[in-house]
Amino acid sequence: MSKPSIPKGTRDFTPAIMARRQWIFSTLREAFEARGFVPIETPAMESLATLTGKYGEEGDQLIFKLLNNGDFLAKAQDDTLAARDSKSLAFQISKKALRYDLTVPFARFVTMHRNDLPMPFKRYQMQTVWRGDRPGRGRYQEFVQCDADIIGSTGILCELELVSLFDEALRALRVPGYRILVNDRRILAGIAASIGVGVDRLTDWTVAVDKHDKVGLDGVCEELERRGFDGGVQEGTRRLFGMTASGVAGMEALLHAFAHPQVEEGVASLKALWALATSEGIGEPELVFAPGLARGLNYYTGAIFEVQVVDAPVGSICGGGRYDDLTGIFGMPGVSGVGISFGADRIYDVLEHFDAFPPDLATDLDVLVLHMGEESLDAMLQAARLCRERGLRTEVYPDAAKLKKQFKYADDRQVPHVLVLGSDEVEAGTCTLRDMRSGEQVTEPLNQVMDRLGA
RNA sequence: GUGGCUAUAGCUCAGUUGGUUAGAGCGCUUGAUUGUGGUUCAAGAGGUCGUCGGUUCGAACCCGAUUAGCCACCCCA
């Protein structure tokens with residue numbers, strides 16, 4: 001028998017880890033609900049056709065496809081089988097796939113339920129997604145995304161709301177040194193046009209530009225060279241990254257350096273966002289205008305967001321942006337939306353790295369009632385009931401084991417209080433309360449002990 | 001998918017040019033203490049040295065293959 005294992009890129013979560021994960025989820029949920037976002041859920045699996053073609057060619061390869069049930073090979077075409085063409089074959093033997101993100105299923109959801117949803121519609125969704133990536137540090141094949149989207153409005157208040165949400169949630173999560181990077185696809189497109197990048201090469205160019213953080217300016221230029229861009233494009237890209245002014249001043253400078261209507265449009269939009277954010281008390285250093293920020297997903301059309309953490313062991317922990325027509329591909333044109341996504345697993349990794357979790361999350365039990373033998377069982381159970389009535393999480397030890405063992409269990413569980421009701425206490429009408437942190441213990445009538453426990 | 005590093009007890013790791021019975025710390029079990037955890041002391045359990053094959057009188061150690069993990073390139077939350 002081989003040792004059991006789990007697929008790479010997946011993880012088990014112990015109770016100690018779950019306490020922290022659930023704290024992250026509940027903190028995010030509170031932040032979402034404080035701004036009126038409502039929850040939805042969608043199935044773990046979608047029709048393969050719903051997902052393909054939405055994430056670019058590479059993205060399609062990373063989608064986990066589910067084999068059809070039954071004798072799926074019987075229906076596959078002979079020539080496809082003979083050619084061993086996995087790509088074509090996949091669509092013949094697979095009709096379902098695991099969701100790759102939450103945005104595309106959301107677009108499908110909106111299209112199907114359009115008549116039942118208030119517009120604008122603000123939803124949040126915290127569910128697992130799967131990607132057939134190579135796992136590595138901070139990268140998993142199964143992870144949870146926490147999305148918030150606003151659709152049916154083009155107002156800049158939507159962008160403001162999401163920037164504010166980032167700020168509130170990350171603050172509540174105690175993420176140290178977070179930076180909300182903002183750019184606008186129109187600015188990128190305008191710059192690209194003004195330095196001679198053809199419209200059809202825009203994605204190519206942004207992919208190279210996006211690597212600036214990793215490979216530096218020279219690396220970006222090499223990448224551009226490799227992708228067949230001429231010296232003019234490289235020179236223009238150098239000018240873009242040579243600009244040092246930050247914030248609104250940086251936007252102004254961009255306006256002069258790269259004259260183009262789309263740049264003007266994007267800058268005007270971001271300046272409006274900056275003015276509103278400033279009055280909300282959000283600004284440097286958390287809010288950063290990042291003209292080089294591109295992001296991979298090609299459905300973004302306006303503002304784009306990314307959250308990075310200074311000195312963090314993982315890449316971005318959040319992302320998002322505005323998309324003008326996501327539901328168009330499902331036959332529902334003209335719905336603009338803007339959304340963001342929190343990477344819960346990466347947030348976990350960052351908090352662990354900085355040891356920033358609240359210290360009291362390990363406590364999941366307030367009182368342990370020891371098992372002192374059958375003769376005092378009634379007293380034990382009654383005491384436990386009284387504790388629970390007062391809102392204390394209370395457990396009765398299930399066996400009359402040695403006290404040493406029961407106390408050790410209390411210690412392992414990090415229970416702050418232990419109640420002892422043995423024959424001595426029952427006879428005297430009292431109860432012994434031990435404070436596990438201080439080691440002090442008192443023996444008093446039960447109602448006095450209850451008052452001492454408070455709550 | 002390409003290059004480099006690693007794999008020994010539940011965990012973190014030692015292990016001499018290849019030589020008798022493979023060790024330590026932590027954790028675990030039991031006892032010192034039949035009504036008291038976290039400290040201390042004592043004892044104990046736990047390993048076909050990732051897997052398969054080769055070299056050798058003899059392999060945890062050398063060689064080959066394979067699997068899994070870590071780091072870089074690529075991509076992303």
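Protein chains get the first letters and strands the later ones, always in sequence-line order, with residue 1 at the start of each. Here the structure is a predicted model, which is why all the values come from computation and not from measurement.
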* Asked: Is any N or O donor-acceptor pair between the side chain of A:R437 and the base of B:rG38 shorter than 3.5 Å?
  -> no

* Do A:Y178 and A:F166 have ring centres separated by under 6.0 Å? -> no

* Asked: Any Lys/Arg nitrogen of A:R322 or A:D184 sitting under 4.0 Å from an Asp/Glu carboxylate oxygen of the other?
  -> no

* **Rounded distance (Å) that lies between atom C1' of B:rC11 and atom CG of A:D12** => 16 Å

* Using only side-chain N and O atoms of A:K402, determine if any of them is under 4.0 Å from OP1 or OP2 of B:rG31. => yes

* To do: Sort out for me which residue in A:L181, A:L293, A:N183, A:V338 forms a side-chain contact (heavy atoms from CB on, under 4.5 Å) with A:F305.
  => A:V338

* Return the value, rounded to whole Å, for the distance between atom CD of A:Q308 and atom C1' of B:rC76. => 12 Å

* **Spacing between A:I317 atom CD1 and B:rA77 atom P, to the nearest angstrom** => 13 Å

* Any side-chain N or O of A:K408 under 4.0 Å from OP1/OP2 of B:rC28? -> yes

* Asked: From the list B:rU36, B:rA77, B:rG35, which nucleotide is the closest neighbour of the side chain of A:F407?
  -> B:rU36

* When the nearest nucleotide of RNA chain B is assigned to A:G343 and to A:M436 on a heavy-atom basis, which residue is associated with the more 5' position? -> A:M436

* In whole angstrom, give the distance that lies between atom NZ of A:K405 and atom C1' of B:rA32. => 19 Å

* Nearest of B:rA77, B:rG35, B:rG38 to any side-chain atom of A:M372? -> B:rG35

* Asked: Tell me: CG of A:L370 to C1' of B:rG35, nearest whole Å?
  -> 9 Å

* Asked: Quick one: A:Q406 CD to B:rG37 C1', roughly how many Å, whole number?
  -> 11 Å

* Using only heavy-atom distances, decide whether a donor-acceptor pair under 3.5 angstrom links the side-chain of A:Q441 to the base of B:rG35. => no

* Structure fact -> Applying the 3.5 Å cut-off to both distances, the Watson-Crick or G-U partner of B:rC70 turns out to be B:rG4

* Would you mind reading off the distance between A:L293 atom CG and B:rC76 atom C1', rounded to a whole angstrom? => 13 Å

* Paired nucleotide for B:rA24 [Watson-Crick or G-U wobble; both distances under 3.5 Å] -> B:rU12

* Between A:F143 and A:V415, which has a closest nucleotide on RNA chain B that is more 5'? -> A:V415

* Out of B:rA77, B:rG35, B:rG37, whichever nucleotide has its closest atom nearest the side chain of A:R346 -> B:rA77

* Carboxylate-amine/guanidinium contact A:D451 A:R390, below 4.0 Å -> yes

* To do: Output the single nucleotide from B:rA77, B:rG37, B:rG35 whose closest atom is nearest the side chain of A:L403.
  => B:rG35

* Would you classify A:Y409 as touching base, sugar-phosphate or nothing, given that sugar-phosphate means primed atoms plus P, OP1 and OP2, and contacts are heavy atoms under 4.0 Å? => nothing

* To do: Return the value, rounded to whole Å, for the distance between atom NZ of A:K404 and atom C1' of B:rU36.
  => 9 Å

* To do: Kindly assign one of parallel, tilted or perpendicular to the pair A:F106 and A:F109, based on the angle between their ring planes and the thresholds 30° and 60°.
  => parallel

